[in-house]
Amino acid sequence: MDALVAQLQMQYRNYTVSLYQQGFLDDQFTELKKLQDDASPDFVAEVLSLFFEDCVKLIGNMARALDQTGTVDFSQVGASVHQLKGSSSSVGAKRVKGLCITFKEYCEANNYEGCVRCLQQVDIEFKALQTKLQDMFNLEKQIIQAGGKVPQVDIN
Amino acid sequence: MATNSMGNIQKIKKKLKVLIVDDDPLNLKIHEKIIKAIGGISQTARNGEEAVIIHRDGGSSFDLILMDKEMPERDGVSTTKKLREMKVKSMIVGVTSLADNEEERRAFMEAGLNHCLAKPLTKDKIIPLINQLMDA
């Protein structure tokens with residue numbers, strides 16, 4: 001059992017580090033993890049659940065705003081991008097935040113093709129992040145079920 | 001005063017009562033947790049108008065108000081001005097976005113803030129500020 005726990009813990013450490021190295025996550029995610037404690041063991045999962053709900057809602061808003069026949073209201077698109085940028089920054093979703101910065105520039109330039117491209121990329125990135133984090137949470141569950149503790153991962 | 005292994009202050013010097021004013025449920029959840037983690041207790045308001053109503057009803061006074069800038073119903077600038085007109089003496093710390101320019105930040109400060117912090121908030125940003133404001 002100890003060998004299994006050790007193996008899972010190493011897998012978890014390596015996986016978590018890879019998420020930072022590949023740019024999915026940044027220091028703000030580390031800050032969220034630090035806030036999680038025994039009194040609120042699901043804090044990070046709950047915060048991320050709110051974030052992914054935000055993503056679905058805001059991406060939907062952007063898609064509808066860009067789908068207007070006639071003149072697109074780029075300020076409306078930009079408002080949703082601004083909100084998503086804020087949310088992604090709050091949870092440490094680095095790639096999503098980076099895309100939002102580019103997306104906002106296209107909105108300000110009234111660049112329709114640029115906005116559509118960014119919308120597609122944001123959708124891909126948030127879904128990729130969702131999958132990666134689900135895998136990370138699954139590893140945490142396996143460690144706990146095997147009788148171990150989820151290790152703190154030092155990113156630096 | 002609780003410190004971590006690096007000697008950094010982890011808790012504020014006294015138990016603060018904090019009002020968190022923000023329309024974003026995600027930010028509310030994170031900021032509530034930060035305040036709890038540093039030893040404070042919090043109440044929330046979903047927009048500036050709610051914050052004004054809480055104070056108008058007269059039941060509550062807060063050591064600290066964390067005030068988001070962009071909110072529906074009544075934004076952070078208007079809310080801060082209104083609270084100061086109502087003679088609210090709480091420390092009010094504005095929470096701004098990095099996208100806000102210098103002029104927007106200045107207008108927010110001039111509404112009656114004690115200080116401004118940029119999102120995302122962390123314990124390390126807020127603890128020294130609260131201790132500094134309390135010492136002043």
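Values below: all heavy atoms of this structure, side chains included; hydrogens, waters and symmetry mates excluded.
Annotation: residues 30-56 of chain A contacts chain B through A/E31, A/L32, A/L35, A/D37, A/S40, A/F43, A/E46, A/V47, A/L50, A/F51, A/D54 [non-hydrogen atoms, separation under 4.5 Å].
A chain of hydrophobic side-chain contacts below 4.5 Å, direct or via other Ile, Leu, Val, Met, Phe, Trp or Tyr residues, connects A/F137 to A/I144. Linking ILVMFWY residues whenever their side-chain heavy atoms come closer than 4.5 Å, directly or via other members, leaves A/I101 and A/F29 in distinct clusters. Note on B/I20: it does not cluster hydrophobically with B/I41, by side-chain heavy-atom contacts below 4.5 Å among ILVMFWY residues. Side-chain heavy atoms closer than 4.5 Å link hydrophobic residues (I, L, V, M, F, W, Y) into clusters, and following such links, possibly through other members, connects A/V81 to A/Y112. Both A/M136 and A/V17 are members of a single hydrophobic cluster when ILVMFWY side chains are connected at heavy-atom separations under 4.5 Å.
More than 12 non-hydrogen atoms from other residues, nucleotides or ligands lie less than 6.0 angstrom from CE of B/M86. Applying the 6.0 Å contact sphere to CZ of B/R74 captures more than 12 heavy atoms from other residues, nucleotides or ligands. A 6.0 Å sphere centred on NZ of B/K33 holds more than 12 heavy atoms belonging to other residues, nucleotides or ligands.
In this structure, chain A has heavy atoms under 4.5 Å from both the backbone and the side chain of B/I34.
Taken from OG in A/S89 to NZ in B/K119, the straight-line distance is 9.0 Å, to the nearest 0.5 Å. Atom OG in A/S90 sits 8.0 Å away from atom CG in B/L121 (nearest 0.5 Å). Separation of atoms CG (B/D23) and CD (A/Q83) is listed at 7.0 Å; rounding is to 0.5 Å.
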